[in-house]
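Worksheet for the structure shown next.
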Amino acid sequence: MRKIKNIAIIAHVDHGKTTLVDAMLRQAGVFRSNERMVERVMDSDDIEKERGITIFSKSASLDYKGYKVNLVDTPGHSDFGGEVQRIMKMVDSVLLLVDAVEGPMPQTKYVLKNALAMGLKPIVVINKIDRPNARSYDVLDMIFELFLELNATPEQLDFPVIYASGKDGYAVAELNDKPQSIFPLLDMIIEEVPDAIGDTTLPFQMLTSAIEYDNYLGKMGTGKIHSGIIHTGDEVMLLKRDGQQLAYKVTTLFSYEGLQKKEVKIAYAGDIVTIAGLELIDIGETISSRENLIPLTGIDIDEPTIAVEFIINDSPFMGRVGKWVTSSKIWERLQKELQTNVSLIVERTDTADKFLVKGRGELQLSILMENMRREGYEFQISKPRVLFKEIDGVIYEPIELAVVDVAEEFVGTVIELMGGRKGEVINMTPPLEGYSRLEFKIPARGLIGCRNEFMTITRGTGTMSQCFYGYDPYKGEINGSNHGSMIAMETGVALGYSLNNFQPRGAFFINPNTEVYSGMVVGQHSKDKDLVINVCRGKKLTNNRAAGKDDAIKLVPPRIFTLEQAMEYIGDDELLEITPDSIRLRKKILHHTDRKRNENAS
């Protein structure tokens, strides 16, 4: 039986978790000398590689000084907080990474709060010390203040600190030490992280912290063995959350070696393993031997704060590209997502072609949508809306903590923007190299559609990050960004001649020769009311010659939305049509006469 250390790596998005894991795995000898190296090896999903962010928690292991060190890489964005929360049950300590320039950010506070609540003592890693404007000691003071703010115990306040550069692959105990390798960090893990505890003489027990699906092995559950020993072929009991007790046989048992899952015949208490053969297993449920039918304490996941309606695609271009377009297929796919995504809730509505999906934020839901469209699904979504809850007869709404880094000249404009959306300034730091940091408490609904406006008023130079703060009583009506839309009058192909004629009326979202249909939103009107235009009308050709040449058509490049930007932009009377090859904005009621009649009736 080997000695084991289990540790998770937590941080704000883009503070260098995955790059640091790369350095640890490479220098610990996980890869063969002739093996092809790739950057951010833990980012296995296509979207993770494209965006450079971690979305799903993943495990790996390395051997160092006689220990097996299980590393768990976690997401850094608050929308994927459910991934972080369930991982905390698997580990005995955490590496808290903080950028040496940016310092603690909203998600740093969120993940640290979860770790301290579980009684874990973090190791603080101040990363990216190679950056020219690094301020490591100031950041260390900010981290200590954050620990105090989160009511850390005296033992947790005595946290060990190490300085690192994941990109250059080294760690040092003091800033003036000569950088050589990542081994000082591995030495600190061996010294500071408690050994994985678990009594092998007690009956087997394990709490499921992650679920995955294999086409050959079926559903598999991953977690840390709480006590006992398990063998391939053992008969175990699955203790469901609803009280059911189901008997199963362990068909396959996996442990982690490097980045790979390796099939093993036996596993001991304290190790992180994956078990196959339990068909109805779910996250937060206990697997135990027949002698010990007492469930372990489950995993509490934060409840959703935002909801979006998934609707079957009924536009004129329905079914052109998508492979799966029916409501039954969309429902099946959403149910499949629930098997691995613990923080989502999917509900049926009063109509068969519409489903309500609740999640932690727009990014989490947009990742689901992006995966679905890549798999060949076609569907529409409504404007995101926040979820209120009632406490003692009072309506409460979700509040976000938004941290904004912005140039000094835009500070007043940003405060005015956030104030109009019921935001309150709770902290403001002096300018550093021309940039000020502002912290706001703002209703989640105030941030919907805010990012596009924020980028406009800061001329693309500002950055905004956010995480869930809590619930406050309802703040009252918020006047969002009222924008009018330019709407296609008829179905056809948009022509440059027509687009050129309507350029003074607003900004377009489409290029010439784009197929459009009646009711499709093709641009933003410069006024706050809708304008129906014919973008398919071409120039009439005649034999008459003009004295001068025709003016050359000069079109302003269109504004192309990403999926998240389009979700934020659409209005209450609009839908977002999502297909494998395009994203289109449209009106709920397509024909302009029917829309007018509906307005008059209301």
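Note that the coordinates shown come from a computational prediction; the quantities given were computed from them, not determined experimentally. The residues of the chain are indexed from 1 along the displayed sequence.
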Atom [atom1] of residue position [X] - does it have more than 12 heavy atoms of other residues, nucleotides or ligands inside 6.0 Å?
X: M455; atom1: CE; answer: yes
X: Y469; atom1: OH; answer: no
X: E416; atom1: CD; answer: no
X: K588; atom1: NZ; answer: yes

Nearest-0.5 Å distance, [atom1] of residue [X] to [atom2] of residue [Y]:
X: Q466; Y: I399; atom1: CD; atom2: CD1; result: 12.5 Å
X: I330; Y: Y377; atom1: CD1; atom2: OH; result: 8.5 Å
X: M567; Y: F561; atom1: CE; atom2: CZ; result: 13.0 Å
X: I533; Y: N501; atom1: CD1; atom2: CG; result: 10.0 Å
X: L447; Y: I478; atom1: CG; atom2: CD1; result: 8.5 Å
X: I589; Y: E599; atom1: CD1; atom2: CD; result: 8.5 Å

Closest non-hydrogen atom pair between [X] and [Y], with its separation:
X: A100; Y: K128; answer: CB-O, 3.7 Å
X: G169; Y: A23; answer: CA-CB, 3.9 Å
X: F454; Y: V414; answer: CE1-CG2, 3.9 Å
X: G322; Y: E378; answer: N-OE2, 2.7 Å
X: V98; Y: G103; answer: CG1-C, 3.4 Å
X: V516; Y: F317; answer: O-CZ, 3.5 Å

* To do: Take R333 and E337 through the salt bridge (Lys or Arg N to Asp or Glu O under 4.0 Å) test and state the conclusion after the steps.
  => CA-CA 6 Å; R333 177 61 181 82; E337 186 70 19; 3.0 Å; yes
Do [X] and [Y] touch side chain to side chain, with heavy atoms closer than 4.5 Å?
X: L590; Y: P316; result: yes
X: V357; Y: L344; result: yes
X: E362; Y: I448; result: yes
X: P558; Y: I510; result: no
X: F388; Y: Y474; result: yes
X: Q380; Y: I312; result: no
X: F509; Y: I560; result: no
X: I442; Y: R421; result: yes

Once salt bridge (charged side-chain N to carboxylate O under 4.0 Å, His left out) is applied, do any residues pair with [X], and if so which ones, sequence neighbours excluded?
X: D594; value: R597
X: R131; value: D99
X: K261; value: E212
X: E439; value: none

* **side-chain contact (heavy atoms from CB on, under 4.5 Å) between C450 and M418, intermediate numbers included** => CA-CA 8 Å; C450 179; M418 303 298 263; 4.0 Å; yes
Below 3.5 Å, can you tabulate the donor-acceptor pairs from side chains in residues 487-499 to any protein atom, sequence neighbours excluded?
unit_1, atom_1, unit_2, atom_2, d
T491, OG1, S518, N, 3.4
S498, OG, R537, N, 3.2
S498, OG, R537, O, 2.3

* Let me see the working for L575 and I570 under side-chain contact (heavy atoms from CB on, under 4.5 Å), right down to the final yes or no. => CA-CA 7 Å; L575 297 174; I570 57 175; 6.0 Å; no
* Can you run down the salt bridge (charged side-chain N to carboxylate O under 4.0 Å, His left out) pairs that involve residues 517-535, sequence neighbours left out, and say none if there aren't any? =>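 Sorted result for residues 517-535: D530-K587.
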* Do any pairs count as a salt bridge (charged side-chain N to carboxylate O under 4.0 Å, His left out) and have a residue in residues 499-524, sequence neighbours left out, and if so which ones? ->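 Output for this query lists R320-E515.
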Can you tell me if [X] and [Y] form a side-chain donor-acceptor pair at under 3.5 Å?
X: T349; Y: E309; value: no
X: T458; Y: T461; value: no
X: R559; Y: Q524; value: yes

* To do: Show your reasoning for whether side-chain contact (heavy atoms from CB on, under 4.5 Å) applies to L25 and V21.
  => CA-CA 6 Å; L25 294 175; V21 173; 3.8 Å; yes
* Using the ring of Y471 (Phe, Tyr or Trp, six-membered ring only), decide whether K389 places NZ or CZ under 6.0 Å from its centre and within 45 degrees of its axis. =>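 Cation-pi check for K389 and Y471: passes.
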* To do: Answer yes or no on whether R348 is positioned over the face of W331, meaning its NZ or CZ is under 6.0 Å from the six-membered ring centre and within 45° of the axis.
  =>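 Positive - R348 is close enough to the ring of W331 and near enough to its axis.
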* Asked: S327 and F355: side-chain contact (heavy atoms from CB on, under 4.5 Å), yes or no, with the steps?
  -> CA-CA 9 Å; S327 60; F355 310 112; 4.0 Å; yes
Which residues satisfy the side-chain contact (heavy atoms from CB on, under 4.5 Å) test with [X], sequence neighbours excluded?
X: R373; value: E370, I578, I583
X: L217; value: D214, M220, T252, F254, A276
X: P304; value: I345, K358, L387

When you measure from the side chain of [X] to the backbone of [Y], do you find a donor-acceptor pair of N or O atoms at a distance under 3.5 Å?
X: S582; Y: T579; result: no
X: Q335; Y: E332; result: no
X: Q503; Y: V556; result: yes

Charged N to carboxylate O below 4.0 Å: is that the case for [X] and [Y]?
X: K336; Y: E375; value: no
X: D573; Y: R586; value: no
X: R445; Y: E397; value: yes

Please output the side-chain donor-acceptor pairs of residues 401-411 that fall under 3.5 Å, not counting sequence neighbours, one pair per line with the distance.
unit_1, atom_1, unit_2, atom_2, d
D405, OD1, R437, NE, 3.0
D405, OD2, R437, NH2, 3.3

* Asked: Taking only residues two or more places apart in sequence, or in another chain, which ones meet F440 in a ring-ring contact (aromatic ring centres under 6.0 Å, His included)?
  ->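 So F440 forms no ring-ring contact (aromatic ring centres under 6.0 Å, His included) with any residue.
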